[in-house]
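One structure below.
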Amino acid sequence: MSLSSSSSSSVVQSLDMAEEDNPHCPNYGELRTKMQNLTRSGSIGKALEIFHLMRNVSGKPTVYDYNSLINCYLKSNKVGLHDLCGLYFEMKRVELHPNASTFNTFLKGLSLLGESKVAISVIVEMCNYGFTPSFSCLSNLLKKCLDSMELVDGLRVLDLMLGLNYIPTEPKVILLINSLSRCGMTRDACVVFFKLLEIGNFQSPYVYNPILWSLCKSDQISGALAFFCSLKKKGLVHNVCSYTALVYGFGQKGLFKEASGCLRIMEVDGGCYPNIKTYTTIIKCLCDGGRIKEALCALGEMEKKGFDPDIVTYNIILRALSHKNLVLEIYNLYHTIYQKGLSPDNYTATAFSGLLKRGNIGIALNLLRDIVSSDSDVDVAVYNVYLHCLFRAREFKESLFMISCMEKDGIKPNNITFNTILKGICEEKTVDKALEFFERVEWPGKRPDMVSFNTVLSVACKRGDSIMVQTVLNLMEDEGVKLNVVGFTCLMQYFCNIGNINDCLKLFEHMISHGPHPSMVTINTLMVVLCKNRELGAAYQVFSNLKSYGLSPDARTYGILIRAAMNEGNNLLTLKLVEIALEMNLHCNGCIKNVKNCLLKIEDP
DNA sequence: TTAGGGTTAG
């Protein structure tokens, strides 16, 4: 859109008349007032015409006229990025020399519009002109980037701040490190932390605990330990949350001796004590590992030490009991919750999903009814969990009953509900029927999301249904939805299913060179394809290249390769892989047990 | 201002 508008406007006519009065010197003050009024009313094009007319006055317009133009525009309540950029280019076009206020006014406008990326460019330009943006300007921009989760921009703002010797405040640093860690950008979080540690007072565990937790949650306990020890060496003092992260990391790997060791060290060496969250972490890890008896012992120990379990602790145990179908124990614990004056919540309701998976549908539904009829509010996620389990158990009648309960209980379904139903239809009926549902229903999120498309695509790919795959791809194109890593992986599986290995490999190569970046599921899919086609060498090559893709093999990767190596009778490779998997303490025990039996047979035929 | 519990696609 052009900012200069036609010269036949009434504004120019009225100015012509002004010039008639005094052709050599139009009234500058009048022009300025008119320009300001027009800008305030949002007529930016007309205002610019007057701005140009000022050039007839010697020494005008000045940068102050220009700044006043932007200022009035910001007050017009019609601020848009397009006009603002137009104004900026106008400044360049007329070769006006901006001052600090010019830039600050622009930044104010961009902040109003939430345009952090453009604001960063303006700041860089401001610095190039020799002006220094203020601390609060950069600090506010950093906050804006973090609020909108534009983390790469946030990092850029931080660099600009550090370049100007501005040290960000601790809450902003915590927010940045926390956001980076939660988004899988732990490496960046570490770089930020160590950089700031050198220049400011950022030794608090509140600053670095998110990094520690992120490492422990992403299966990097060795990295977490190294990080933990390096900080200790530097004299930083950990708190109970830091130690709990390590407890979690060890517990997830099934290393409970080490987890207990952490408890001892934190008391003896760290001068702090485990709390209810620390104990709950251990209990959760024991439950996840199927060690329910030990989890109950830990619960007893926790009570003995004077910590009253809260509803979170009880929900975790309930969930584990329900997965083991221990109905009597569930009822006992459920009553204990009431006896202790605690109220069951959404998580309590979902904890019974194990019963549904085990076919104990009536009991699970009764318990859900009990919670719904108590004072607790039950949310849509609870119904989604039940619906998902019922569909998975192929209990279609009960699924329909659940949907009617949802309506009756006044629960508004979300896209997850609809995607769950979509998957259910795919499994019970045909992909055609699923597509019918897909196009017929009014999606709660206004339109189907990525998962909706992938749900149908996945089923079509699994069935090797070429027509249906094409239909879904066309539908995605019509809607302007691009295939993501899940869609690509589905298509790789499709090509493998129809025996077209070449196209499957081509897709993978496309992902490597043009994106989307493959995930571990993609790699494992590729591994299965290669091993199925007796291409163990190629599979091993991919495995060796994983680091260059920024990925680490998981238990499934090892399982696939170990099985293929065994099938090919490659004992050397089998042993090598088993050794690495054991060293990494990966939970592919079933697979490793098979290897041991196999090797024993080889040694003693 | 950091930490523990549930749901959809590969």
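Quick caveat: nothing in here was measured; it's all calculated off a predicted structure. Proteins get letters first, then strands, A, B, ... in listed order; numbering begins at 1 in each.
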Notebook entry, point to check: Can you tell which of dT8(B), dT7(B), dG4(B) lies closest to the side chain of Asn384(A)?
Noted result: dT7(B)
Margin query: What contact category does Val521(A) fall into here, base, sugar-phosphate, or nothing, at under 4.0 angstrom with non-hydrogen atoms?
Written below: base
Note to self: Over all strands shown, is Arg392(A) touching base, sugar-phosphate only, or nothing at heavy-atom distances under 4.0 angstrom?
What the structure shows: nothing
Notebook entry, point to check: Rounded to whole angstroms, how far apart are CZ on Phe228(A) and P on dA3(B)?
Noted result: 17 Å
Notebook entry, point to check: Heavy atoms under 4.0 Å, any strand shown: does Lys217(A) hit a base, just sugar-phosphate, or nothing?
Noted result: sugar-phosphate
Item checked: Phe488(A) ring center near His517(A) ring center (under 6.0 Å) -> no
Next item on the list: Tell me what Thr313(A) touches on the nucleic acid: a base, only sugar-phosphate, or nothing, going by heavy atoms under 4.0 Å.
Entry: base
Note to self: Regarding Ser519(A), tell me which of base, sugar-phosphate or nothing describes its non-hydrogen contacts under 4.0 Å with the strands shown.
What the structure shows: base
Checklist line | Separation of dT7(B) C1' from Leu390(A) CG (nearest whole Å) | finding: 13 Å
Margin query: Distance check needed: dT8(B) P versus Arg447(A) CZ, whole Å only.
Written below: 22 Å
Margin query: So if I take every side-chain heavy atom of Lys462(A) and compare against dG4(B), dA9(B), dG10(B), which nucleotide ends up nearest?
Written below: dG10(B)
Margin query: It should be established whether Thr281(A) places a side-chain nitrogen or oxygen under 4.0 Å from OP1 or OP2 of nucleotide dA3(B).
Written below: no
Item checked: Aromatic stack Tyr206(A)/dT1(B): centroid gap under 5.5 Å, interplanar angle under 30° -> yes
Item checked: Sugar-phosphate only, base, or nothing, as touched by Asp345(A) at under 4.0 Å among non-hydrogen atoms -> base
Note to self: Need one value for Val456(A): base, sugar-phosphate or nothing, where a base atom within 4.0 Å counts as base even if backbone is also close, heavy atoms only.
What the structure shows: nothing
Note to self: By nearest atom, which of the nucleotides dG4(B), dT1(B), dT2(B) is closest to the Val312(A) side chain?
What the structure shows: dG4(B)
Margin query: Please report the distance, rounded to the nearest Å, between CG in Leu473(A) and C1' in dA9(B).
Written below: 14 Å
Next item on the list: Pick base, sugar-phosphate or nothing for Gln493(A), based on heavy-atom distances below 4.0 Å to the nucleic acid.
Entry: sugar-phosphate
Note to self: Less than 6.0 angstrom separating the ring centers of Phe438(A) and Phe453(A), yes or no?
What the structure shows: yes
Notebook entry, point to check: Whole-Å distance between dA3(B) P and Ile174(A) CD1?
Noted result: 10 Å
Checklist line | Charged N-O contact under 4.0 Å between Asp409(A) and Arg369(A) | finding: yes
Note to self: Could you check whether Ser214(A) and Thr186(A), counting side-chain N and O atoms only, form a donor-acceptor pair closer than 3.5 Å?
What the structure shows: yes
Next item on the list: With heavy atoms under 4.0 Å as the rule, sort Thr525(A) into base, sugar-phosphate or nothing.
Entry: nothing
Notebook entry, point to check: Between Asp147(A) and Lys144(A), does at least one N-O distance fall below 4.0 Å, as a salt bridge requires?
Noted result: no
Notebook entry, point to check: The side chain of Ala381(A) lies closest to which of these nucleotides: dT2(B), dA9(B), dG6(B)?
Noted result: dG6(B)
Next item on the list: Would you kindly give the CH2-to-C1' distance between Trp213(A) and dT2(B), to the nearest whole Å?
Entry: 10 Å
Checklist line | From dG4(B), dT1(B), dT7(B), nucleotide with atom closest to His388(A) side chain | finding: dT7(B)
Next item on the list: Indicate, with a heavy-atom threshold strictly under 4.0 Å, whether Asp379(A) touches base, sugar-phosphate, or nothing.
Entry: base
Notebook entry, point to check: Phe543(A) and Tyr558(A): aromatic ring centres closer than 6.0 Å?
Noted result: yes
Margin query: Distance check needed: dG6(B) C1' versus Tyr314(A) OH, whole Å only.
Written below: 20 Å
Check: Does dA3(B) have OP1 or OP2 sitting under 4.0 Å from an N or O in the side chain of Arg182(A)?
Finding: yes
Check: So, are Asp269(A) and Arg264(A) salt-bridged, with charged N and O less than 4.0 Å apart?
Finding: no
Next item on the list: Grab the OH-P distance between Tyr279(A) and dG4(B) for me, whole Å please.
Entry: 18 Å
Next item on the list: Could you check whether Val382(A) gets within reach of a base, just the sugar-phosphate, or nothing at all, counting any heavy atom under 4.0 Å?
Entry: base
Next item on the list: Could you please name the option among dT2(B), dT8(B), dA9(B) that lies closest to any side-chain atom of Cys241(A)?
Entry: dT2(B)
Next item on the list: Describe the nucleic acid contact of Ala245(A) in one word from base, sugar-phosphate, nothing, applying a heavy-atom distance below 4.0 Å.
Entry: nothing
Check: So which nucleotide from dT2(B), dG4(B), dT1(B) ends up closest to the side chain of Asn239(A)?
Finding: dT2(B)
Notebook entry, point to check: What nucleic acid atoms does Asn414(A) come within less than 4.0 Å of, heavy atoms only: base, sugar-phosphate, or nothing?
Noted result: nothing
Note to self: Using a 4.0 Å heavy-atom cut-off, does Ser452(A) contact any base of the nucleic acid, only the sugar-phosphate backbone, or nothing at all?
What the structure shows: nothing
Next item on the list: Would you mind telling me which of dA9(B), dG10(B), dG6(B) lies closest to the side-chain atoms of Thr522(A)?
Entry: dG10(B)
